[in-house]
Amino acid sequence: MAQKRADHYTRSDCRVCSATRLTRFLELGPQPLANAFLDDDMLKAGEEEMFPLDLYVCRACNHVQLLDVVSKETLFSHYLYFSTVSRTIPSHFAALAAEVAARHTTRGDLVVEIGSNDGVLLSAFEGTGLRALGVEPAANVAEVARRRGVHTMNKFFTEDTAGTIARELGKAKVVIGNNVIGHIDDLHSVMKAVKSLLTADGTFIFEVPYLVDLLEMNEFDTVYHEHLSYFAVRPAKVMLERAGLALVDVKRQEVHGGTIRCYAKHIEAGEPPSATVQDLLALEERLGLGTMAPYEAFAGRVQRLRTELLAILEKAKREGKRVAGYGAPAKGSTLLNYCKIGMEHLAYIQDTTPAKQGLYTPGMHIPVVPPARFQQDPPDIALMLAWNYEAEILAKEAAFRRAGGKFVIPIPMPRVV
Ligand code: TMP
Ligand code: ZN
């Protein structure tokens with residue numbers, strides 16, 4: 001079975017401010033798509049598409065982004081990421097749902113979530129008296145949400161989709177977009193769609209990984225083709241204002257290696273930005289995010305990380321120790337391909353997602369196996385590719401460590417625990 005060829009183009013302007021002065025500061029590829037796991041037939045056919053994976057910064061608004069864009073139909077029509085696989089994410093979303101119900105809405109209001117995935121957030125609105133609608137482009141994921149009783153439209157969120165929702169259900173008091181804004185190439189049209197769907201007093205709440213955390217914690221592996229944008233507060237503000245929205249508040253969150261939850265309102269609502277917005281803008285200024293220095297320093301640390309991680313794996317091999325991967329998240333693909341870690345280093349990777357089990361990782365072709373294998377055939381050392389769940393995983397695998405097993409946590413710099 002030959003792989004379907006993906007559509008790809010390289011843009012030449014900033015997707016936030018349209019400026020054309022963009023500077024490349026990190027080359028991680030060419031790399032395959034991070035979620036393009038292969039089955040046996042695909043592996044035999046030996047056809048795997050690679051695309052440049054390079055990070056650029058816009059010299060006008062300091063938006064960090066990829067310019068190589070793989071079509072959204074290729075990436076998101078069938079999706080392997082299910083929000084509910086970990087325990088960390090559902091509890092984070094339950095807290096957000098409680099906040100929305102208590103502070104931003106009253107009974108009967110409509111809450112719309114863009115990229116609602118398997119319905120994990122919206123299902124937490126059950127019993128609040130709010131009307132909840134998810135918009136999710138991946139048919140397989142939307143189906144899971146519907147089965148758990150979450151009202152879901154299987155569509156990309158566009159100006160058309162927003163118009164249909166407004167006509168059929170009315171405007172939304174809250175629009176939520178968690179870990180989806182960074183996936184969108186045409187940000188301006190999606191922001192206009194949000195603007196058109198919000199009630200006059202409505203709130204747009206979205207979460208994106210925070211560029212400051214990404215840089216400080218060397219989270220280069222969160223760079224893959226699905227993630228087109230790496231937001232700081234300053235460009236987020238520019239993006240919103242272009243569409244007539246104002247950034248009124250920001251809260252830093254711990255999930256996904258450091259996230260910002262942003263709150264926006266119609267500019268016409270006249271709400272001033274909170275002290276936190278001002279503080280984070282000042283922090284970004286102090287860090288020099290408008291200059292090349294922090295990006296170049298980051299690129300240097302990423303190269304050092306690769307050297308140190310390979311040294312640990314080579315030493316384990318010399319000592320005859322068995323190493324396996326723990327978790328096969330999309331970011332694992334970036335890390336493995338950038339460091340060129342293959343089966344000569346990792347015997348297998350265990351992952352809890354049934355849809356990934358029995359397949360091979362993109363590029364490096366390491367078999368993904370169910371957690372039972374890890375229990376029955378534990379390695380000496382486990383490379384924690386899903387490092388954002390460190391606490392959860394260490395708690396779950398206490399027995400492995402008691403028996404002498406070690407974890408290597410690759411980010412921010414490889415360490416053995
Ligand atoms: P994510 O970082 O994109 O949420 O992906 C995490 C991946 O790690 C997902 O494929 C599930 C896997 N995983 C495990 O295999 N075991 C675990 O204990 C956890 C928390 C995640
Ligand atoms: Zn820009």
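For clarity, every value in this text was computed on a predicted model and none was experimentally measured. As a basis for the values below, the full set of heavy atoms in this structure was taken, side chains included, without hydrogen atoms, waters or symmetry mates. Read the numbers this way: they start at 1 and go in the same order the structure lists the ligands and their atoms.
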So, does [X] use its side chain to make a donor-acceptor pair with the main chain of [Y] at under 3.5 Å?
| X | Y | value |
| --- | --- | --- |
| H8 | P52 | no |
| H227 | T222 | yes |
| N154 | P137 | yes |

Are any of the N/O atoms in E392 less than 3.5 Å from those in ligand 1? no
Those atoms of ligand 1 less than 4.0 Å from some heavy atom in Y389: 1 (P), 2 (O), 4 (O), 6 (C), 20 (C)
For K396, take its heavy atoms, then give the atoms of ligand 1 lying under 4.0 Å from any of them.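 So the atoms of ligand 1 that pass are 16 (N), 17 (C), 18 (O).
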N/O/S atom of C17 inside 2.8 Å of the Zn ion (ligand 2), strictly under: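 Given the 2.8 Å cut-off, C17 counts as a ligand of the Zn ion (ligand 2).
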Answer yes or no for K356: is there a heavy-atom contact with ligand 1 below 4.0 Å? yes
Examine ligand 1 and decide if any of its atoms is less than 4.0 Å from a heavy atom belonging to K331.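 K331: in contact with ligand 1 (<4.0 Å).
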Where is the tightest heavy-atom contact between G257 and E219, given as atom of each residue plus distance?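 Smallest heavy-atom distance, with atoms named: O-OE2, 2.7 Å.
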Tell me whether the count of non-hydrogen atoms from other residues, nucleotides or ligands lying under 6.0 Å of CD in E126 goes above 12.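 Check fails, neighbour count at 12 or below.
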Residues E207, R261; criterion side-chain contact (heavy atoms from CB on, under 4.5 Å); working and verdict: CA-CA 4 Å; E207 291 186 6; R261 180 182 293 166; 2.7 Å; yes
Which value, rounded to 10°, describes the SG(C14)-the Zn ion (ligand 2)-SG(C61) angle? 110°
